[in-house]
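Before any comments, here is the structure.
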Amino acid sequence: MYKYLNLLNLDVVLGAVICSMAFAEILKVEVEWSSYLLLSLTVWSIYTFDRLLDSLRSDGGNRSERHYFHHKNRIPLTSLIIVSIIVSVALVPLLPYKTLVWGVVLMGVVLAYLITIHSLKIKWLVHKELVIGIVYTCGVLLGPVSIFSGEFDGSFYLLCTIFFLTVLNNLFIFSLYDEHFDILAKFPSLVTVCGARMVKGLIIALFSIAAMLNALVFLHLNLLVSTVFLSMLFMLFLVFWFSQNPFFKSHYRLLGDAIFLFPIVIL
């Protein structure tokens, strides 16, 4: 069951909403349901559209399971994306003004990303993982942060940084697992451009930084939040460290995406 949720990108959507709700709980703000619904539709549309384009660019022999699924179901998925866009537009008037303004800016970044990575086909471009990480993190934070009227303390900035580093490592680790496929399909990624050795070193460095920052969060925020974010890092580290293990090779996406469900215990 969870496998199909992953193929449909629904686990990514659920993870984004849960993380956004967790940040809202930390800030003690009440985010409108329309913001969460728009976040869900936007995340699903972007992920699905990106994979549909990738599935069209690769031939049948070079398609991964998720790209084969999207290619096989491209007509109904494309129709659902159109419906999602229509519903998203209808939700715009229901958003708080600041959320709307910040959302428009974020959407501009997303459109620029899609154009450069797909239309221009810049092979040396290594910003794919970085841009996705920034957009995903900003999308999760957009609702709670845009309506928060107080002053952000240092602990919250640390928490946002840890979350961003976790998202980045998630993307980098997936690139390591997908290296062979990306080379065959000629998909640009940090691994295919910079090499696996450099990316592994970067992942370890990001893990180390995130762990140290999490210790500071433990000292200045609270045990529950610190434990949740540490658990996310630990699970992701296992996915990275046991990359040659058959179980992790078969389930790395399920496990890697599932970590964004962990913050549900904060709610």
What verdict does the side chain to side chain contact (heavy atoms under 4.5 Å, CB included) test give for Cys160 and Leu141, after you've listed the backbone C-alpha separation in whole Å, the side-chain angles of each residue and the deciding distance to 0.1 Å? CA-CA 8 Å; Cys160 293; Leu141 293 171; 3.8 Å; yes
Assess the residue pair Ile46 and Thr42 against the criterion (side chain to side chain contact (heavy atoms under 4.5 Å, CB included)); give the C-alpha distance rounded to whole Å, side-chain angles, the decisive distance to 0.1 Å, and a yes or no. CA-CA 6 Å; Ile46 291 173; Thr42 302; 3.7 Å; yes
Apply side chain to side chain contact (heavy atoms under 4.5 Å, CB included) to the pair Leu165 and Leu213, showing each step before the final yes or no. CA-CA 10 Å; Leu165 294 178; Leu213 294 179; 4.3 Å; yes
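Annotation for Lys249 and Ser243: closest pair CG-O, 3.2 Å, computed over non-hydrogen atoms. Closest non-hydrogen pair, Leu130 versus Leu168, comes out as CA-CD2, 3.9 Å. In plain terms, the two heavy atoms of Met235 and Ile259 that are nearest each other are CG-CG2, 3.5 Å. In plain terms, the two heavy atoms of Asp153 and Phe156 that are nearest each other are OD1-N, 3.0 Å.
Remark: Tyr252 pairs with Asp178 by the side-chain hydrogen bond (donor to acceptor under 3.5 Å, both in side chains) rule, at least two apart or across chains. With sequence neighbours left out, the side-chain hydrogen bond (donor to acceptor under 3.5 Å, both in side chains) criterion links Ser34 to no other residue. Not a single ring-ring contact (aromatic ring centres under 6.0 Å, His included) links Phe234 to another residue, sequence neighbours left out. In this structure, the side chain to side chain contact (heavy atoms under 4.5 Å, CB included) partners of Phe240, at least two apart in sequence or on a different chain, are Ile173, Leu176, Lys200, Ile203, Ile204, Phe207, Phe237. With sequence neighbours excluded, no residue satisfies side-chain hydrogen bond (donor to acceptor under 3.5 Å, both in side chains) with Ser88. Phe242 pairs by the side chain to side chain contact (heavy atoms under 4.5 Å, CB included) definition with Leu238, Asn245, Phe248, not counting sequence neighbours. Partners of Leu171 under the side chain to side chain contact (heavy atoms under 4.5 Å, CB included) rule, at least two apart in sequence or in another chain, are Glu129, Ile132, Val167. Among residues two or more places apart in sequence or in another chain, the side chain to side chain contact (heavy atoms under 4.5 Å, CB included) test is passed with Ser231 by Thr227, Phe262. Taking the ring-ring contact (aromatic ring centres under 6.0 Å, His included) definition, one finds that Tyr136 meets it with Phe260, sequence neighbours left out.
With hydrogens and angles ignored, the 3.5 Å screen pairs a side-chain donor or acceptor of Tyr177 with a backbone N or O of Val239.
Rounding to the nearest 0.5 Å places CD1 of Ile209 at 13.5 Å from CG of Asn214. For the atom pair CG of Leu224 and CD1 of Ile26, the computed distance is 8.5 Å after rounding to the nearest 0.5 Å. Interatomic distance, Phe164 CZ to Leu206 CG, rounded to the nearest 0.5 Å: 8.5 Å. Atom CG of Leu80 and atom CD1 of Ile85 lie 11.5 Å apart (nearest 0.5 Å). With values rounded to the nearest 0.5 angstrom, Leu254 atom CG is found 4.5 Å from Asn6 atom CG.
Phe174 carries Arg253 over the face of its six-membered ring, with the cationic atom under 6.0 Å from the centre and within 45° of the normal.
By the 4.5 Å heavy-atom criterion applied to side chains, Leu77 and Phe49 are not counted as neighbours. In this structure the side chain of Asp257 reaches within 4.5 angstrom of the side chain of Asn170, judged on heavy atoms. At least one side-chain heavy atom of Leu37 sits less than 4.5 Å from a side-chain heavy atom of Leu41. Between Val217 and Phe229, the closest side-chain pair of non-hydrogen atoms is not below 4.5 Å. Looking at heavy atoms from C-beta onward, Val12 lies out of side-chain contact with Trp44 at the 4.5 angstrom threshold. No side-chain heavy atom of Tyr47 sits less than 4.5 Å from a side-chain heavy atom of Asp50. Put simply, the side chain of Leu52 reaches to within 4.5 Å of the side chain of Ile81, judged on heavy atoms.
Sorted by first and then second residue, the pairs that involve residues 13-27 and meet salt bridge (charged side-chain N to carboxylate O under 4.0 Å, His left out), not counting sequence neighbours, are Glu25-Lys28.
When the side chains of ILVMFWY residues are joined at heavy-atom separations under 4.5 Å, either directly or via intervening members, Ile147 and Tyr157 end up in a single hydrophobic cluster. Residues Ile75 and Val83 do not share a hydrophobic cluster, clusters being chains of Ile/Leu/Val/Met/Phe/Trp/Tyr side chains in contact below 4.5 Å. Note: the hydrophobic cluster containing Leu267 also contains Val265 (ILVMFWY, side chain heavy atoms under 4.5 Å, direct or indirect links). In terms of hydrophobic clustering, with Ile, Leu, Val, Met, Phe, Trp and Tyr side chains grouped at heavy-atom distances under 4.5 Å, Ile266 and Leu261 are assigned to a common cluster. Each of Leu159 and Leu230 belongs to its own hydrophobic cluster when Ile, Leu, Val, Met, Phe, Trp and Tyr are linked at side-chain heavy-atom distances under 4.5 angstrom.
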I'd like a table of donor-acceptor pairs (distance under 3.5 Å, sequence neighbours excluded) in which one partner is a side-chain atom from residues 91-104, with atom names and distances.
residue	atom	partner	partner atom	Å
Thr99	OG1	Ser146	OG	2.6

Cut-off 3.5 Å, no hydrogens considered: what does the side-chain donor-acceptor table look like for residues 16-24, sequence neighbours left out?
residue	atom	partner	partner atom	Å
Ser20	OG	Val140	O	2.9

